[in-house]
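Since this is a predicted model, take the numbers as computed values, not measurements.
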Amino acid sequence: MKDMHPVDLSARIGALTLKNPIMPASGTFSEDLADVFDLDVLGAHVLKTIMHGTRSGNPTPRVCDMQAGMMNAIGIPSKGIEYFRDQTLPYWADYRAPLVVSISAHSVDEFARLCGEVSLPGVTAIEANISCPNIEADGNAFAMRPDTTHEVVTRLRAETDLPLWAKLTPNTGEPVEVARAAEAAGADALIVANTLLGMSIDIATRRPRLGNVMGGMSGPAIKPIALRMTYQCARACDIPVIGCGGIATLDDVIEFLIAGASAVQVGTATFQSPTVMARLIAELADWMAAQGIGSLEEIIGTIEAPEAGTCI
Amino acid sequence: MKDMHPVDLSARIGALTLKNPIMPASGTFSEDLADVFDLDVLGAHVLKTIMHGTRSGNPTPRVCDMQAGMMNAIGIPSKGIEYFRDQTLPYWADYRAPLVVSISAHSVDEFARLCGEVSLPGVTAIEANISCPNIEADGNAFAMRPDTTHEVVTRLRAETDLPLWAKLTPNTGEPVEVARAAEAAGADALIVANTLLGMSIDIATRRPRLGNVMGGMSGPAIKPIALRMTYQCARACDIPVIGCGGIATLDDVIEFLIAGASAVQVGTATFQSPTVMARLIAELADWMAAQGIGSLEEIIGTIEAPEAGTCI
Amino acid sequence: MTHLPTIVPVPVLQGLRPRCSEANCKVVSNTPVNGEYRLLVLEAPEAILDCQPGQFFQLLCPAPEGEHPFLRRPMSIYGYDKAAGRLEFLYKVTGAGTRGLATLAPGDGFNVLGPLGQGFSMQDDWQNLMLVARGVGLATLAPLARMAQEKGRKLTAICSARRPDLAMSVDLFESYGAEVIIVHDEDGSSAPEALRPLIEARIAETGVDAFYTCGSSRLLRLLQDIGARHGIPGEIAMEQQMACGLGMCQACVRNFRVGDRIIQRRVCREGPVFPISEAI
Amino acid sequence: MTHLPTIVPVPVLQGLRPRCSEANCKVVSNTPVNGEYRLLVLEAPEAILDCQPGQFFQLLCPAPEGEHPFLRRPMSIYGYDKAAGRLEFLYKVTGAGTRGLATLAPGDGFNVLGPLGQGFSMQDDWQNLMLVARGVGLATLAPLARMAQEKGRKLTAICSARRPDLAMSVDLFESYGAEVIIVHDEDGSSAPEALRPLIEARIAETGVDAFYTCGSSRLLRLLQDIGARHGIPGEIAMEQQMACGLGMCQACVRNFRVGDRIIQRRVCREGPVFPISEAI
Ligand SMILES: Cc1cc2nc3c(=O)[nH]c(=O)nc-3n(C[C@H](O)[C@H](O)[C@H](O)COP(=O)(O)OP(=O)(O)OC[C@H]3O[C@@H](n4cnc5c(N)ncnc54)[C@H](O)[C@@H]3O)c2cc1C
Ligand SMILES: Cc1cc2nc3c(=O)[nH]c(=O)nc-3n(C[C@H](O)[C@H](O)[C@H](O)COP(=O)(O)OP(=O)(O)OC[C@H]3O[C@@H](n4cnc5c(N)ncnc54)[C@H](O)[C@@H]3O)c2cc1C
Ligand SMILES: Cc1cc2nc3c(=O)[nH]c(=O)nc-3n(C[C@H](O)[C@H](O)[C@H](O)COP(=O)(O)O)c2cc1C
Ligand SMILES: Cc1cc2nc3c(=O)[nH]c(=O)nc-3n(C[C@H](O)[C@H](O)[C@H](O)COP(=O)(O)O)c2cc1C
Ligand code: FES
Ligand code: FES
C-alpha cells in the first residue's frame, strides 16, 4: 500500500510548493547545522534576520533558561547587505531547498530598500520580520498594530516580486486584525509567530538574567499561544499560515496542521536536538502512511471546533 | 539577632497593610482549602470572581495540561450577588485575614452596579477582574485597551469607598498604557496579571482539548511574561503592583518583589501543592532572617537594571 | 524530598487536624495486573489513611520520558490499611500521567493528596447490595466489598469485561465474601439487553436493596431504569477532568437532575459518589 | 531511549560523515573529586570520539528535583579514548544543569552533542609548553597534557587553587609526563605578582615557546603581558553562555582585539580556543 500510494508531504505556500512542511525558524538555523545532517532534506532554508547595515547585537548574556523553554535577546547582529550578497547567498546556492531570506529594519524606508536589495537570484521568498521595533512608532514593533503592519507590508510588496511572508508577533493584543492587515497589504503568507516578551531576574545579584533586561520567550512554554494564534489567523485569512512556536514533536506538527497551518517552522527544539527537523520529516511521513493519509490537505485546518465562547 | 530584630513580613498595598505578601489568586482558592491548612496564615483571602446574576460557566472539559502549566476555561460560573451576600460573606466573617472580593461583568453598567452592591461590611477590598469580555466593545476584554480600562475603573471608583484593585490581562499589547489608565481612573492597586489565551488540540479526535476551544494559560510557563509586565507596570505607576503568574517557589516570590511587586498572588501552584502558600510565607521569613533583611521594603523594586534595549 | 512516608509540613496549623493532606509516600510495588492495568502499592503515613470507600487521591505523577503531566491525576482508592500503613491504586495506562505512574519503582518517593471527596454510603436497611461495573471502574468499587463484609451485608458483584480473563478484581471481591458474576462482550452477556434479565431475576429471587456502579453511561441508564421500576436506590462514582481536586476551581462539574431542575455539582467535592437517580 | 551508546539516527544523510553528532551514551561512573568537582565517565560511540583537546560537548542535563535546566550545558572534554569508547567530563556543581549531572548514576542513558568547536593547536616549533590555569579550568586543559606527550613536547603545568589539596588534575598532568607546579592562595603563590617572577624565571632558564590558559581574566592579562614582552604566543579557552553550541544562534559571542579593531567571535564555533593575544 505504502509503495503504491506513497505519502505526498509537499506543502503549498501560495504559488510555492515545498517538498515538505518542515523548515527552520529564523535565528535558530545557519550553515553550521550542515555539520549535523544534510540540510537539503528540509522543506526550506530560512536564514537569520538581516538588517541593512552592520550591527553588533545586544550585550551578553544573550540567552537564559526557563521552565519549558528559553529566552533570547540576541539583538539581530548583522553583517549587512554586502556580506549577505557576497558571502551568504553564494554559500546557499549549492542547496536545492528553497532559500527564504528574513529581513528587518527600524523604519519603513529602510525596510523597503532592504527588501528590494535582497530580491536577488537564488532567493526564493522574503520573510519580513515585522516584530522589530519601529523607531518612527515610539519603538513599537510594526506588527503590534494593524495600521503599521499595513503600511510596512504595502511598501515591501511594492519592492519585490518574490513571495513575501510576514512574520507576526504574539505580543500584540490584535493578532487577527494584524494578520488581516498583512494580507490586505499583499503578503503571500503569514508566520505565526515570533517570540513573547519575557524577563527573568537572578535573585542573588538582583540583576536581569539577560544583558538586554527583557528577551523573547521560545520553546514549548509558548506553544499554546502560537497554536491559538495560528488557529485564529488561519480562520481569518485566505493566505497560508506557517505555524511557529514551541514545536518539538510530531504531535506538535500535527496539532498546528490541524489548527490550520500549511507548514511549520522549528526553532528552539533544534537547540535541544539538532537533528529534530530531519526526524520530524521522517516521522510525519510514517505517521501519514500508517493513518492512510495521502497528503497534507487531509490534515490542514481539519479541526472540529464549535465557536469559542467569550468568557474563559 | 533574629529574636532581637524579628523579620517584618507586612506588605503595604496603599492604605491597607497585609500581615504578609502572600495571597491566593482569584479562582484558585475557596473555603475548601481550609481542609488542608489554617487559611488565616495568608496575607489576604481573594475569592473567585463573581458576576451579578447566576451563570453556569463553560462546557467541560474545563481544564487541560501543558508542558509547564495548565489551561482553564471555567467560564466564571456564578451563584449571583444574593448567594454571595447570604452565604459566602458570612462564612468568611470568621477569619481575620482581609477579604478581597473579585467581581466582573460584561458591561460597564452591570460592573458598576455589582461593585456598589458588594461594598459590604466584611469586605476589605474589591478586585475588578477587567480581563472579562466587554459585550459593548466587540467582546474585547476591558483591560485590552487603555480607554475601556479607564472608563470601567472610573465607574467602579465612583461606586465604592473600599480599596479598588484592577486585575490586568497579559493578552494586551499595551500593558503599560492600560496600567496607567487604571491608575489615572483611581485604582488603588494593580494585579499583574491574569491568564494568557492559549489553545490545545487532541490530535486523535481533532477536537480542542477544552470545551470552550480556547482557555487561559497559567503556571510556570507564563512566569517570565507576568514578571516582565510587573516590572514594566511598577516602573510606570505609583500605585502598588501585586505580581501574579506562575509563582510556585520562594525564588519566584523574591523575583517578583525585586521586579517591583508589593505582594504576590499564587494560583496554579496551589493545585500542585495545596500547602504551598503556607510554606512560602514561612520560607520567606526564614530567608529574610538569614539574609539580614528586616522588611519587604529592602527587596521591593531593588532590581539593578540598565534601560532595556529596543531590539531583542 | 525524603523517601519516607511523611506529611508535607505546613508551618502554621490551627490545631485542627486537616481533612486531607499532601503526603510523601514510598512505593512498595507497582506491578502489571492482566494487561492494561497496574497495581500501585504505597507505604503511606497513618494520617491519610482514614479513608472511605469511593474516595480518591490526587497523584503527582512523575514525568515519563518526553512527556510532562503537570496537574495531579485523580485515582480512586483501591485498597487502604491504616494499621499496615498501606495505600493501593489500580490504574489503567492511558496517557502521560498514568505512563508516568508506570515508571515508579519500589523505594521511589511519591507524593499524594487525599483522601478527597465523599465516599459511598451504606444505609442501614441496605442489606442486599448489587454492584455492577466494568473495566477500571471495578477498582473504584473494590473497597466497597470490604465495607460490605465488615457491615455484614450481602454483596453480588457483576463484573463486566471484554473477555472473561480480563475481568478485574474478581479474586478481591471473592475474598471479601461477594458473589461474583462475570459478564463479557465475547458471549454478549455484558450487553444491557442481557444484563437486564440477569438483574431483574436477582431482584425477583433474593431482592436487591441498593445498586452501586461507576462510570459507564450504558450501565447507569440501565440501573436508573431498573431502579425506578423497582424503587431501588443506588450510588454511582463519576469521573470528570480535574485540576484542584479540592473544590476550588470548578473544573470538575457535571450536571445532575434533582426533581425537575438541572444543577451542577463538583465531582471532587460533592462527589465522586452521587445518587444513581440524579446522575445524568 | 536506549541505554546503549548510539548515534541519534538522522533519516536522510548526504553520505557525508557529520562533524558532530547527537549521541546517547551510558554512564559508567559519576564520582566526586575533591569537594566541589565531579568526574563523569561515559561509554560513548566511536563516531563522537574523534576529538581535539580544547573541544567541548553540549550535555542534555537531566532535571534535578524541582529544577528545569532546558538548554544543553557546554562542558570541555576532560578525557576521551576512542579505542575504549570512553568520554570524560570534569565538572563543578554550580546550578540547575550541573546539579542535574550530579544525579546521573551508572547505567543511566545520557545524551551528548559533539565534539564541538575548535581545539588547541600545537604548532611544530612549540616545544616547551607552559600551561597556567585554575579550578575547573584545569579540566579544560587536561587533554593537552596527553597531546603534548604524544607529540613529544615538554609541558610545565602551573596549577592554581585556593588550597594546595584542592589543585585539580595534578596526577593526570604528571601521568602524562608534565612537570607540575602548584600555586595557591594560602601562601599567596597564586597571586599575579608571585606568578610573574615564577614564569619569567622559567622563560630565562629553559625557554617557553607557548602558553596555554583558560578562563580567569587575571591569568589572561598576566600571560598577555608576559607574552607581549617576550614574544611568546599562546592560546586560551574561553567561556560564554550558550544556546545552540553549533554557531547558529549568536548567543555566545565575545569581543576580540585584532590589530586595532574589536571584532566579535562565537565561542562555540570560532572557539572556545583563541589566541591569547586577541582575547579581551
Ligand atoms: C474520581 C476519579 C477516580 C478515578 N479513579 C481511577 C482509577 O481508580 N483507576 C484509573 O485507572 N483511572 C481512574 N480515574 C481516571 C484517571 O484519573 C484518568 O485515567 C487519568 O487522569 C488519565 O491521566 P493520563 O495523564 O494518563 O491521561 P490523559 O492523557 O490526561 O488523558 C487520557 C484520557 O483520559 C481522560 N481523562 C484524563 N483525566 C481524566 C479525569 N480526571 N477523569 C476522567 N477522565 C480523564 C482524557 O480525557 C483522555 O481521554 C479516575 C478519575 C476520577 C475523576
Ligand atoms: C566551552 C565551555 C566549556 C566548559 N567546560 C567546563 C568544564 O569542563 N567543567 C565545568 O565545570 N564547567 C565548564 N564550563 C562551564 C559550564 O558550562 C557551566 O558551569 C554550566 O553551564 C553551568 O550550568 P548550571 O545549570 O549548573 O548553572 P546555571 O544556573 O546555568 O549557572 C550558574 C552559573 O554559571 C554561569 N554559566 C552558566 N552557563 C554558562 C556557560 N555556558 N558558560 C559560562 N558560564 C556559565 C552562570 O552565569 C551562573 O553564574 C564550560 C563552559 C563553556 C562555555
Ligand atoms: C536565539 C534565537 C534567535 C532568534 N532570532 C530571530 C530572528 O533573527 N528573526 C526572527 O524573525 N525570529 C527570530 N527568533 C524567533 C524564532 O524564529 C521563532 O519565531 C521563535 O523562537 C518561536 O519558535 P520556537 O519556539 O520553535 O523557537 C529567534 C529565536 C531564538 C530562540
Ligand atoms: C482554574 C482557574 C480559574 C481562574 N479563575 C479566575 C477568576 O475567576 N478570576 C480571575 O481574575 N482570575 C482567575 N484565574 C486566573 C488566576 O487568578 C491567575 O491570575 C492566573 O492563574 C495566573 O496565576 P498562576 O500562574 O499563579 O495560576 C483563574 C485561574 C485558574 C487556573
Ligand atoms: S477539581 Fe477543582 S473543583 Fe473539582
Ligand atoms: S551557542 Fe549558538 S552560536 Fe554559539
Side-chain angles (χ1 to χ4, degrees), chain B residues 24 27-42 47-48 56-79 202 204 209-211 218-221 267-268 270-283 285-286, chain C residues 1 7-24 58-61 63 66-73 94-97 100 111-117 239-255 262-270:
Chain B
T28 65
F29 175 76
S30 71
E31 55 264 42
D32 304 288
L33 194 59
D35 280 356
V36 189
F37 69 93
D38 173 8
L39 301 185
D40 256 339
V41 305
L42 298 171
L47 304 188
K48 168 82 183 165
S56 58
N58 284 329
T60 56
R62 290 179 169 186
V63 289
C64 70
D65 264 339
M66 55 185 210
Q67 182 151 344
M70 62 175 286
M71 282 189 265
N72 87 81
I74 306 291
I76 317 201
S78 172
K79 294 186 175 148
D202 180 336
R209 289 174 69 210
L210 290 173
S218 60
T268 304
T270 292
F271 298 169
Q272 286 209 316
S273 176
T275 50
V276 67
M277 287 188 284
R279 253 189 343 266
L280 289 175
I281 295 164
E283 288 175 5
D286 289 350
Chain C
M1 187 194 288
I7 295 297
V8 173
V10 185
V12 193
L13 240 153
Q14 228 178 8
L16 294 168
R17 180 156 184 187
R19 224 183 58 105
C20 59
S21 306
E22 205 187 321
N24 293 321
Q58 283 270 72
L59 311 185
L60 198 59
C61 305
E67 295 184 294
H68 309 272
F70 180 84
L71 294 169
R72 287 175 181 263
R73 299 296 197 262
T94 47
N111 182 292
V112 307
L113 167 70
L116 298 166
E239 297 194 357
Q240 183 58 282
Q241 304 278 109
M242 291 187 180
C244 72
L246 283 163
M248 303 186 286
C249 73
Q250 315 216 43
C252 65
V253 295
R254 295 187 71 116
N255 288 331
I262 301 288
I263 64 162
Q264 280 188 348
R265 288 181 179 139
R266 296 164 298 181
V267 170
C268 75
R269 191 80 193 179
E270 284 85 39

Contact origin within [X] toward chain B - heavy atom pairs under 4.5 Å:
X        : value
C:Leu113 : side chain
C:Arg269 : side chain
C:Gln240 : side chain

_chain C interface, residue from B:Gly57, B:Gly75, B:Ala68, B:Ala73 that has the most non-hydrogen pairs under 4.5 Å_ = B:Ala68
*Of the listed residues (B:Val63, B:Val276, B:Ile281), which shares the most heavy-atom pairs with chain C below a 4.5 Å separation?*
B:Val63
Side chain proximity check, [X] to [Y], heavy atoms < 4.5 angstrom:
X        : Y       : value
C:Val253 : B:Pro77 : no
C:Cys20  : B:Val36 : yes
C:Arg73  : B:Asp65 : yes

Could you give the distance from [atom1] ([X]) to [atom2] ([Y]), rounded to the nearest 0.5 Å?
X        : Y        : atom1 : atom2 : answer
C:Gln241 : B:Cys64  : CD    : SG    : 8.5 Å
B:Ser273 : C:Leu60  : OG    : CG    : 8.5 Å
B:Asp32  : C:Arg266 : CG    : CZ    : 5.0 Å
B:Glu31  : C:Leu246 : CD    : CG    : 12.0 Å

*Taking all non-hydrogen atoms of both residues, which atom of C:Gly247 and which atom of B:Ser30 are closest, and how far apart?*
O-OG, 3.9 Å
*Determine the minimum heavy-atom distance between C:Glu22 and B:Gln272, stating which atoms define it.*
OE2-O, 4.4 Å
*For chain B, find which of C:Glu67, C:Met242, C:Gln58, C:Arg72 contributes the most heavy-atom pairs closer than 4.5 angstrom.*
C:Arg72
*asked:* Which residue is it: B:Ile74, B:Asn58, B:Asn72? I am looking for the one with a side-chain contact (heavy atoms from CB on, under 4.5 Å) to C:Gln250.
replied: B:Ile74
Given a strict heavy-atom distance threshold of 4.5 Å, which part of [X] is in contact with chain C: side chain, backbone, both, or neither?
X        : value
B:Thr60  : side chain
B:Thr268 : side chain
B:Met66  : backbone

